[in-house]
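Proteins get letters first, then strands, A, B, ... in listed order; numbering begins at 1 in each.
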There are 2 protein chains.
Amino acid sequence: MQAKKSDRMPETLVRRLPAYYRQLSELEQEGLTEISSFKLAERMGLTDSQIRHDLNSFGGFGQRGLGYRVGMLKNSIGDIMDINREHSMVIVGAGRIGSAVANYPGFKEAGFVVTALFDIDPKLIGKKIGGIPVLDAKKLQKYLAETGTDIVVIATPASEAQQTLDHVGGTKIRGVWNFVPITLTPPEGVVVINVHLTDSLMALSFRMHEMDVINEGHPWTK
Amino acid sequence: MQAKKSDRMPETLVRRLPAYYRQLSELEQEGLTEISSFKLAERMGLTDSQIRHDLNSFGGFGQRGLGYRVGMLKNSIGDIMDINREHSMVIVGAGRIGSAVANYPGFKEAGFVVTALFDIDPKLIGKKIGGIPVLDAKKLQKYLAETGTDIVVIATPASEAQQTLDHVGGTKIRGVWNFVPITLTPPEGVVVINVHLTDSLMALSFRMHEMDVINEGHPWTK
DNA sequence: TAGATTGTTAATCGATTAACAATC
DNA sequence: TAGATTGTTAATCGATTAACAATC
């Protein structure tokens, strides 16, 4: 049965889940064991009502009169996001973007481990980048079939990105993390999350410009 | 006069602006000179109504009966985002995150040029990373005062990020691009855009897990 | 117990979509 | 002109906020 789109959680809520997780980790490190929706809201710049609403869309995690247990809630949200286990990733494209991702710290400590890079360039194959071996891109499908890889990171030239995604569609991979700044069409049953860093910079530029426009009292439309 | 929050464009719309720009660039490369809201919507997975609505919040760029001029619209959206000029950036923190950003291609071709990295480590000061000089972090404020730097990229250890942001608040810098996975409090008059890559990975993990949960027919709440 | 705080429903707000007159 | 497509207002949809009974 094809899942209805309405079964999926709203994007706005999904973006808040990692923020909850991060905040709860910080509270845990501070040694706090309980927190109310009101205090959590204050720290995160949300409303208490929204937090209770968000959490209750996954279940009742709190105790009336007391609030939420920090460790228990963190663990529950970890279960919901399925990050209380290790995920393995491969990076397709060992150029500058792929190298930057391979060298990026923080993924590993969050439990996302890069096991291999793939490239077509014979000068790169056999080398290591950030301690991770670069393999022949021809062997990608075989590698994915033989290993329990969870996530494919796309870091190819723009011209190759859709084709790479289509290839991945033929494997058991169901998650793709795309760094290439183009609009991709995901194969059936594959989740694609885009990281468009240049878009993020443009949004920053817009907000800076918007501030000027507002301060000058000029509306956007004449 | 303090700008009302309501003067600011909705976040959902701001996230679509770079996507419009990117799509129009692709159309331009394909040699198309006109496009209707209907065809643009089809390519982008939006509705024609939404596109007209979005564009009209900045002005009337189309011609009834004809559609939109690709080049003209791209240029107009570029003006709105203020990306029809070069932006200069400095990166604070020349560790692994800062290096990855400094080595990342694509920013430069989008007109965002990194002019310097800053670090406190004497072993790094004086070196170059991705062709960009690493300067002494003590000289950051002076550098910002003397140059026309537009954007500060924060890539410090988590413990230093808020302090770095507070320092920046005392300069003429009004845009900060933060790669550190903590919740920062922006000084008055400074726009902060966060790039939380680990959050993005967690959202991917959630969506993959959600697919399983839906397919198994298990609701999130019992 | 009394005070506190959740879980949950109803009210509000804002964003998206539909509709159509204006006009190229 | 007739057909096409915008600009713009009204209707709808969905997300956020408010309110309060349940209960720790």
Side-chain angles (χ1 to χ4, degrees), chain A residues 4-17 19-20 24 27 32-74 76-77 80 203 210 219-222, chain B residues 4-17 19-20 24 27 32-74 76-77 80 203 210 219-222:
Chain A
K4 282 176 296 179
K5 194 177 181 188
S6 56
D7 290 337
R8 302 178 70 230
M9 289 289 169
E11 188 60 25
T12 44
L13 164 56
V14 174
R15 261 197 231 100
R16 284 191 293 269
L17 287 177
Y20 286 136
L24 289 162
L27 287 166
L32 280 165
T33 57
E34 275 98 26
I35 185 109
S36 67
S37 56
F38 184 83
K39 283 197 197 115
L40 191 56
E42 201 171 37
R43 287 179 68 121
M44 297 182 67
L46 305 172
T47 66
D48 55 327
S49 191
Q50 179 163 56
I51 288 176
R52 293 199 300 281
H53 215 272
D54 281 354
L55 297 180
N56 277 96
S57 56
F58 295 103
F61 301 111
Q63 286 174 272
R64 292 176 206 234
L66 294 172
Y68 300 87
R69 298 264 164 178
V70 172
M72 178 274 200
L73 184 57
K74 183 194 164 198
S76 296
I77 294 179
I80 289 164
E210 183 186 39
W220 286 106
T221 54
K222 299 237 174 52
Chain B
K4 284 176 293 177
K5 194 176 182 188
S6 57
D7 290 336
R8 302 178 71 228
M9 288 290 169
E11 189 59 27
T12 45
L13 164 56
V14 174
R15 260 197 231 100
R16 285 192 293 271
L17 288 176
Y20 286 134
L24 289 162
L27 287 166
L32 281 164
T33 56
E34 273 99 27
I35 187 110
S36 67
S37 55
F38 183 83
K39 282 194 198 120
L40 191 55
E42 202 171 36
R43 287 178 68 122
M44 297 182 68
L46 304 173
T47 66
D48 56 328
S49 192
Q50 179 164 60
I51 288 177
R52 294 199 300 281
H53 215 272
D54 280 355
L55 297 179
N56 276 97
S57 57
F58 295 103
F61 301 111
Q63 285 174 273
R64 291 174 206 235
L66 295 172
Y68 299 87
R69 299 263 163 178
V70 172
M72 178 276 201
L73 184 56
K74 183 193 163 199
S76 296
I77 294 178
I80 289 164
E210 181 185 40
W220 287 107
T221 53
K222 300 238 176 50

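As rounded to whole Å, 15 Å separates atom C1' of C/dT17 from atom CG of B/N56. Rounded to whole angstrom, the span from the CD1 atom of A/I51 across to the C1' atom of D/dA18 amounts to 15 Å. When the P atom of D/dT6 is taken as reference, atom CE of B/M72 falls 13 Å away, rounded to whole Å. The interatomic distance linking B/D48 (CG) with D/dT5 (P) rounds to 11 Å, in whole Å. The CD1 atom of B/I35 sits 15 Å away from the C1' atom of D/dA4 (whole-angstrom rounding). B/E34 places its CD atom 21 Å from the P atom of D/dG3, with the value rounded to the nearest Å. As a whole-Å value, the separation of A/F38 CZ from D/dT17 P is 14 Å.
Residues A/L17 and A/I80 share a closest heavy-atom pair of CD1-CG2, 4.4 Å.
Within the 4.5 Å cutoff, the side chain of A/F58 has heavy atoms near those of the A/M9 side chain. By the 4.5 Å heavy-atom criterion applied to side chains, A/W220 and B/D7 are not counted as neighbours. By the 4.5 Å heavy-atom criterion applied to side chains, A/I51 and A/Y20 are counted as neighbours. Counting only heavy atoms from C-beta outward, the side chains of A/Y68 and A/S36 never approach each other to under 4.5 Å. Put simply, the side chain of A/S37 does not reach to within 4.5 Å of the side chain of A/L40, judged on heavy atoms.
For A/T33, there are no side-chain contact (heavy atoms from CB on, under 4.5 Å) partners two or more places apart in sequence or in a different chain. Taking the side-chain contact (heavy atoms from CB on, under 4.5 Å) definition, one finds that B/R15 meets it with A/R15, B/E11, sequence neighbours left out. In this structure, the side-chain contact (heavy atoms from CB on, under 4.5 Å) partners of A/E34, at least two apart in sequence or on a different chain, are A/R69.
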Each nucleotide N or O in nucleotides 22-24 of chain C that has a protein N or O under 3.5 Å away: list the pair and distance.
| unit_1 | atom_1 | unit_2 | atom_2 | d |
| --- | --- | --- | --- | --- |
| C/dA22 | N3 | B/R64 | NH1 | 2.9 |
| C/dC24 | O4' | B/R64 | O | 3.0 |
| C/dC24 | O2 | B/R64 | O | 3.3 |

For nucleotides 13-16 of chain C, print each protein N/O atom paired with a nucleotide N/O atom at under 3.5 Å, atom names and distance only.
| unit_1 | atom_1 | unit_2 | atom_2 | d |
| --- | --- | --- | --- | --- |
| C/dT16 | OP1 | B/R16 | NH1 | 3.2 |
| C/dT16 | OP2 | B/R16 | NH2 | 3.1 |
| C/dT16 | O5' | B/Q50 | NE2 | 3.2 |

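Of the side-chain N and O atoms in B/S37, none sit less than 4.0 angstrom from OP1 or OP2 of D/dT5. Remark: A/Y68 is in phosphate contact with C/dG7, judged by side-chain N or O atoms under 4.0 Å from OP1 or OP2.
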Pairing string, 5' to 3', for DNA chain D - Watson-Crick or wobble contacts under 3.5 Å, brackets [ ] where pairs cross, | to another strand
..||||||||||||||||||||||
Kindly determine whether B/T12 and A/T12 satisfy side chain to side chain contact (heavy atoms under 4.5 Å, CB included), including the steps that lead there.
CA-CA 10 Å; B/T12 45; A/T12 44; 6.0 Å; no
Tell me which donor-acceptor pairs under 3.5 Å the side chains of residues 42-49 of chain B have, and how far apart each pair is, sequence neighbours excluded?
| unit_1 | atom_1 | unit_2 | atom_2 | d |
| --- | --- | --- | --- | --- |
| B/R43 | NE | B/Q23 | OE1 | 2.9 |
| B/R43 | NH1 | B/E30 | OE1 | 3.1 |
| B/R43 | NH2 | B/Q23 | OE1 | 3.3 |
| B/R43 | NH2 | B/E30 | OE2 | 2.9 |
| B/T47 | OG1 | B/Q50 | N | 3.1 |
| B/D48 | OD2 | B/R52 | NH1 | 3.3 |

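Closest approach to the B/S36 side chain among C/dT5, D/dT5, D/dT17 is made by D/dT5 (side chain taken as heavy atoms from C-beta onward).
Both B/L55 and A/R52 lie near DNA chain D, and the one whose nearest nucleotide falls closer to the 5' end is B/L55.
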